[in-house]
Amino acid sequence: MTRHARNCTAGAVYTYHEKKKDAAASGYGTNTQRVGKDSVKDFDCCCLTLQPCRNPVVTKHGYLFDKEAILEYILAKKKEYTRKLKEFEKQKQQEEEQSAKDELKKLQDYLSGGQSIVNRSDSSSTKDKASVSNMTNGRDKVLPSFWIPSKTPEAKEATLQKPDSTIYCPVSGNPLKMKDLIPIKFTQVRDPDDNRSLIVKQARYMCPITHDILSNSVPCAVIKTSGDVVTMECVEKLIKKDWINPLDNSKLKESDIIPLERGGTGYASVNDSLEGKHERPVLQA
């Protein structure tokens, strides 16, 4: 029996390995690679800064932010709204002034039209036609710019719309208000033998009720009344049984439990779209 070579080319099937090898060598096709855990933010990191939160707050939809970062975002959006509103009001005022000038011009033309037909015909015959040159009537000071689309002679002024005063969450897109931000607190893992800094520890926080370690692989929830972060397993097995907070024996409702959204960056999230793609030219038959 003869031996086969490692790269046998006598097969009738174009295998996946051969296709992948040829695609890597040719420079064509789309490369895909599964994103590692280093590309997914931790559950206790801010959705804006992607860093561990110093003063964590959560929205009513379960998105975690650092209080300083989200307040800066809200302030920036309010300044942007104020700027756009001033531009809109300025444009509206200019339109009103222009309409008033047009009405005044129509009135003047009507009053000046009371002259005799002969006088109107004489004046119209002696009136110079408007020049089409771009160097007359002060046009030499403002020359058109043919390389900027908004400055070309055919370009029309953009009409501004009244800006929306609502501030939206940068992650979920839902309306966001400062009063909806709920301060939360994580329970640190107390280990007297571990003298490392909190930020370098893998197991930083735990559930205050069951003492289970919190991580991206553990679904968590926030108790709205107290701000404690617990595991969803604790909610299902302990809290939902009597709807009583085991930490302070207070009554709870279903709306007081906010599931905490985990992981995710600009292109990856936990258990969803954990694949990076590099699109390259494709050969078509």
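All of these numbers come straight from a predicted model, not from anything done at the bench.
In this structure Lys177 satisfies the side chain to side chain donor-acceptor pair (under 3.5 Å) test with no other residue, sequence neighbours excluded. For Glu72, there are no salt bridge (Lys or Arg N to Asp or Glu O under 4.0 Å) partners at least two apart in sequence or on another chain. Not a single side chain to side chain contact (heavy atoms under 4.5 Å, CB included) links Lys241 to another residue, sequence neighbours left out. Applying the side chain to side chain contact (heavy atoms under 4.5 Å, CB included) rule to Pro163 yields the partners Tyr81, Lys84, Leu85, Phe88; only residues at least two apart in sequence or on another chain are considered. Contacts of Thr59 classified as side chain to side chain contact (heavy atoms under 4.5 Å, CB included), with partners at least two apart in sequence or in another chain: His61, Tyr63, Phe65, Leu176, Leu181. In terms of the side chain to side chain donor-acceptor pair (under 3.5 Å) criterion, Asp242 has no residue partners (sequence neighbours excluded). With sequence neighbours left out, Asp66 forms a side chain to side chain donor-acceptor pair (under 3.5 Å) with no residue at all. Shown here are the side chain to side chain donor-acceptor pair (under 3.5 Å) partners of Thr49, two or more places apart in sequence or in another chain: there are none.
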Distance-only donor-acceptor pairs under 3.5 Å for side chains of residues 165-172, two or more places apart:
from: Thr166; atom 1: OG1; to: Asp164; atom 2: OD1; distance (Å): 3.2
from: Tyr168; atom 1: OH; to: Asp164; atom 2: OD2; distance (Å): 2.7
from: Ser172; atom 1: OG; to: Asn174; atom 2: N; distance (Å): 3.4
from: Ser172; atom 1: OG; to: Asn174; atom 2: ND2; distance (Å): 3.2

Which donor-acceptor pairs under 3.5 Å do side chains of residues 93-101 form with protein atoms, sequence neighbours excluded?
from: Gln98; atom 1: NE2; to: Asp102; atom 2: OD1; distance (Å): 3.3
from: Ser99; atom 1: OG; to: Glu95; atom 2: O; distance (Å): 3.2
from: Ser99; atom 1: OG; to: Glu96; atom 2: O; distance (Å): 2.7

Would you be so kind as to tabulate the donor-acceptor pairs closer than 3.5 Å made by side chains of residues 229-237, with sequence neighbours excluded?
from: Thr231; atom 1: OG1; to: Cys234; atom 2: N; distance (Å): 3.2
from: Glu233; atom 1: OE2; to: Lys237; atom 2: NZ; distance (Å): 3.0
from: Glu236; atom 1: OE2; to: Lys240; atom 2: NZ; distance (Å): 3.2

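Taking 4.5 Å as the limit, some side-chain heavy atom of Asp228 sits within range of a side-chain heavy atom of Leu247. Contact of the Ser250 side chain with the Ile244 side chain is not registered, since no non-hydrogen atoms from C-beta on lie closer than 4.5 Å. Side-chain contact between Ile184 and Val57 is absent, with no heavy atoms from C-beta onward closer than 4.5 Å.
Separating the OG1 atom in Thr210 from the CG atom in Asp212 is a distance of 3.5 Å, to the nearest 0.5 Å. Leu260 contributes atom CG, which lies 6.0 Å from atom CG of Leu64 (distance to the nearest 0.5 angstrom). Separating the NE2 atom in His17 from the CG atom in Asp22 is a distance of 9.0 Å, to the nearest 0.5 Å. The SG atom of Cys53 sits 10.5 Å away from atom CD1 of Ile70, with the distance rounded to the nearest 0.5 Å. The SG atom of Cys47 sits 8.5 Å away from the CD atom of Glu261 when rounded to the nearest 0.5 Å. With rounding to the nearest 0.5 Å, the separation of OH in Tyr205 from CG in Leu214 is 10.0 Å.
A donor-acceptor contact shorter than 3.5 Å is absent between the side chain of Asn55 and the backbone of Lys67. Judged by distance alone, with hydrogens and angles left aside, the side-chain atoms of Gln51 form no donor-acceptor pair with the main-chain N or O of Cys46 at under 3.5 Å.
Evaluation of the salt bridge (Lys or Arg N to Asp or Glu O under 4.0 Å) test over residues 53-64, restricted to residues two or more places apart or in two chains, returns Arg54-Glu68.
Using a 4.5 Å cut-off between side-chain heavy atoms of Ile, Leu, Val, Met, Phe, Trp and Tyr, with links allowed through other members, Leu75 and Met178 fall into different hydrophobic clusters. Using a 4.5 Å cut-off between side-chain heavy atoms of Ile, Leu, Val, Met, Phe, Trp and Tyr, with links allowed through other members, Val58 and Ile257 fall into different hydrophobic clusters. In the hydrophobic clustering of ILVMFWY residues, with side-chain heavy atoms under 4.5 Å counting as a link, Phe186 and Ile182 come out together.
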Let me see the working for Val189 and Ile213 under side-chain contact (heavy atoms from CB on, under 4.5 Å), right down to the final yes or no.
CA-CA 8 Å; Val189 177; Ile213 301 300; 3.7 Å; yes
Worked check of side-chain contact (heavy atoms from CB on, under 4.5 Å) between Leu50 and Cys45:
CA-CA 5 Å; Leu50 305 182; Cys45 291; 5.5 Å; no
Apply the test side-chain contact (heavy atoms from CB on, under 4.5 Å) to residues Arg83 and Glu80: give CA-CA distance (whole Å), side-chain angles for both, the deciding distance (0.1 Å), then the verdict.
CA-CA 5 Å; Arg83 176 180 58 81; Glu80 182 181 358; 3.7 Å; yes
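A salt bridge is absent between Asp256 and Lys251; no separation between the charged side-chain nitrogens and carboxylate oxygens falls under 4.0 Å.
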